[in-house]
Undergrad: 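The structure is given below, and queries will be raised subsequently.
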Amino acid sequence: MATSPTLPPLRGRVQQGAMLAPTTWFRVGGPADWLVRPADLDDLLLLLRDKPAALPLVTIGAASNLLVRDGGVRGIVLKLARGFADIVVEADGIVAGAAALDATVAEHAASAGLGGLAFLSGIPGSIGGAVAMNAGAYGAEVKDVLDWAEIATPTGLVRLAADELGFSYRRARLPEGGVVVRARFRAMPGDAAAIAEQMRAIRTAREETQPVRARTGGSTFKNPDGHKAWALIDAAGGRGLRRGEAQVSEKHCNFLLNLGGASAADLEGLGEDVREKVHAMSGMALEWEIKRIGEVLP
């Protein structure tokens, strides 16, 4: 653990030794050396510019697709909060801060009669994470609708067009040390009632097919080319598989569940059990979609 206040003088909230489990959907994970919530963009830029070089920094958003290991995270964990949640509706698009929830952006678009962003209502998470990992659902992904993203870096703020972000499946190429702070999404005028109905259909489909009310982390593994991860897991006998209080969802077997007392090690170990089963059955190597950070306890 860091032992002295070595961070620049920030106006936002700075906590030393903060437990991260309460910030994640899985509700597991050890402490961060430093958990920092900058007050605004200037505060964030100061942190990125002046933080000690020896302190690593990792950014978390809504932590809906994140597993924090039990040993916690060394260095700085950055979480963008209220100062980064603004949503501005324009005639042909939406500008949203990184901390705005994907579903909230979709709701603003629907209320304004703007189409093309309803798929965001099916992605649990925030805009910063959606851009950083090219999030997608229901036949669309961020790269299809993004105009630009503003990214805070140690040398200042940059605005990059979508084609400068090197998007691929569940991945964007951000500048070194960069943190997404704002993004603009294209939309098109549409019928507000029809858009609202499309969002209702997405929400219904999610509730019927995914364990949305459980302690989970969203899709665990990426879909290999030409395959669905859940189908490979099902075929390999992974549905309902358990390790301690961690379980593969019976409802959708590309979701891991914390049944109440699981550790991060239980969840990650169960994921590796699933990967082994799938590889033994099909020869396919599943790749983690959930981001895993921090240190394993000895």
Side-chain angles (χ1 to χ4, degrees), residues 1-25 29-68 72-88 94-105 108 123-133 135 142 146 148-160 165 172-185 291 293-294:
M1 294 288 292
T3 56
S4 60
T6 53
L7 301 183
L10 302 171
R11 291 173 289 109
R13 189 177 181 194
V14 177
Q15 296 171 275
Q16 195 172 358
M19 292 303 295
L20 294 173
T23 71
T24 75
W25 283 35
D33 285 351
W34 301 96
L35 177 59
V36 178
R37 296 176 175 90
D40 51 28
L41 178 58
D42 287 341
D43 218 24
L44 171 60
L45 290 170
L46 174 66
L47 172 67
L48 297 180
R49 189 191 72 192
D50 291 352
K51 78 171 183 65
L55 278 184
L57 181 145
V58 62
T59 305
I60 65 173
S64 56
N65 201 226
L66 179 74
L67 182 65
V68 177
V73 182
R74 303 291 70 81
I76 301 166
V77 173
L78 172 69
K79 185 172 176 65
L80 303 186
R82 289 179 200 158
F84 298 87
D86 288 352
I87 298 172
V88 177
I94 299 271
V95 179
L101 295 179
D102 303 331
T104 306
V105 172
H108 275 71
I123 302 174
S126 57
I127 289 299
V131 172
M133 68 175 290
V142 163
L146 186 79
W148 49 257
E150 287 180 344
I151 299 164
T153 77
T155 56
L157 185 69
V158 297
R159 179 181 288 190
L160 297 179
L165 286 166
R173 195 169 58 242
L174 301 180
E176 185 71 27
V179 178
V180 177
V181 294
R182 204 164 68 120
R184 188 185 193 278
F185 300 94
K291 185 178 179 182
I293 63 172

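Every heavy atom of this structure was used, including side-chain atoms; hydrogens, water molecules and symmetry mates were not.
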Undergrad: Nearest 0.5 Å, please: how far is CG in Leu157 from CG in Asp42?
TA: 10.0 Å
Undergrad: Heavy atoms, side chains only, cut-off 4.5 Å: are Ile151 and Leu165 in contact?
TA: yes
Undergrad: With sequence neighbours excluded, what pairs up with Ala39 under the side-chain contact (heavy atoms from CB on, under 4.5 Å) test?
TA: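 Here the qualifying residues are Arg11, Asp43.
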Undergrad: About how many Å separate CG of Leu44 and OG1 of Thr59, when rounded to the nearest 0.5 Å?
TA: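 With rounding to 0.5 Å, OG1 (Thr59) is 8.0 Å from CG (Leu44).
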Undergrad: In the structure I gave you, are the side-chain heavy atoms of Lys291 and Val58 within less than 4.5 Å of one another anywhere?
TA: yes
Undergrad: For the residue pair Pro154 and Arg49, establish whether any side-chain heavy-atom pair is separated by less than 4.5 Å.
TA: no
Undergrad: Going by heavy atoms in the side chains, are Pro38 and Leu10 under 4.5 Å from each other?
TA: no
Undergrad: As a quick check of understanding, evaluate side-chain contact (heavy atoms from CB on, under 4.5 Å) for Leu47 and Leu57, giving each step before the final call.
TA: CA-CA 10 Å; Leu47 172 67; Leu57 181 145; 4.0 Å; yes
Undergrad: State whether the side chain of Asp102 and the backbone N or O of Ile127 hold a donor-acceptor pair below 3.5 Å, judged by distance alone.
TA: yes
Undergrad: Assess the residue pair Ile76 and Leu7 against the criterion (side-chain contact (heavy atoms from CB on, under 4.5 Å)); give the C-alpha distance rounded to whole Å, side-chain angles, the decisive distance to 0.1 Å, and a yes or no.
TA: CA-CA 9 Å; Ile76 301 166; Leu7 301 183; 3.6 Å; yes
Undergrad: Would you please name every residue forming a side chain to side chain donor-acceptor pair (under 3.5 Å) with Arg37, sequence neighbours left out?
TA: Gln15
Undergrad: Start with the C-alpha distance between Phe185 and Leu146, add both sets of side-chain angles, then the distance that settles side-chain contact (heavy atoms from CB on, under 4.5 Å), and finish with yes or no.
TA: CA-CA 5 Å; Phe185 300 94; Leu146 186 79; 3.7 Å; yes
Undergrad: So, the side chain of Lys79 versus the backbone of Gly61: is there a donor-acceptor pair under 3.5 Å, distance only?
TA: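 Here the side-chain-to-backbone pair exists.
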Undergrad: State the CG-CD1 distance between Leu67 and Ile293, to the nearest 0.5 angstrom.
TA: 9.0 Å
Undergrad: Could you pull out the closest heavy-atom pair between Val77 and Ala32, with the gap in Å?
TA: CG2-CB, 3.6 Å
Undergrad: Does atom CZ of Arg159 have more than 12 heavy-atom neighbours from other groups under 6.0 Å away?
TA: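 More than 12 heavy atoms, drawn from other residues, nucleotides or ligands, come within 6.0 Å of this atom.
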Undergrad: Taking atom CG of Leu46 and atom CG of Leu41, what is their separation to the nearest 0.5 Å?
TA: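 Output value for this atom pair is 11.0 Å.
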Undergrad: What's the verdict on side-chain contact (heavy atoms from CB on, under 4.5 Å) for Arg182 and Trp148, showing C-alpha distance, side-chain angles and the deciding distance?
TA: CA-CA 9 Å; Arg182 204 164 68 120; Trp148 49 257; 3.7 Å; yes
Undergrad: Rounded to the nearest 0.5 Å, how far does OG1 of Thr155 lie from CD of Glu176?
TA: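 Going from the CD atom of Glu176 to the OG1 atom of Thr155 covers 11.0 Å.
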Undergrad: Report the distance from atom CG of Asp40 to atom CG of Leu45, rounding to the nearest 0.5 Å.
TA: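 Answer for the CG-CG pair, Asp40 versus Leu45, is 9.0 Å.
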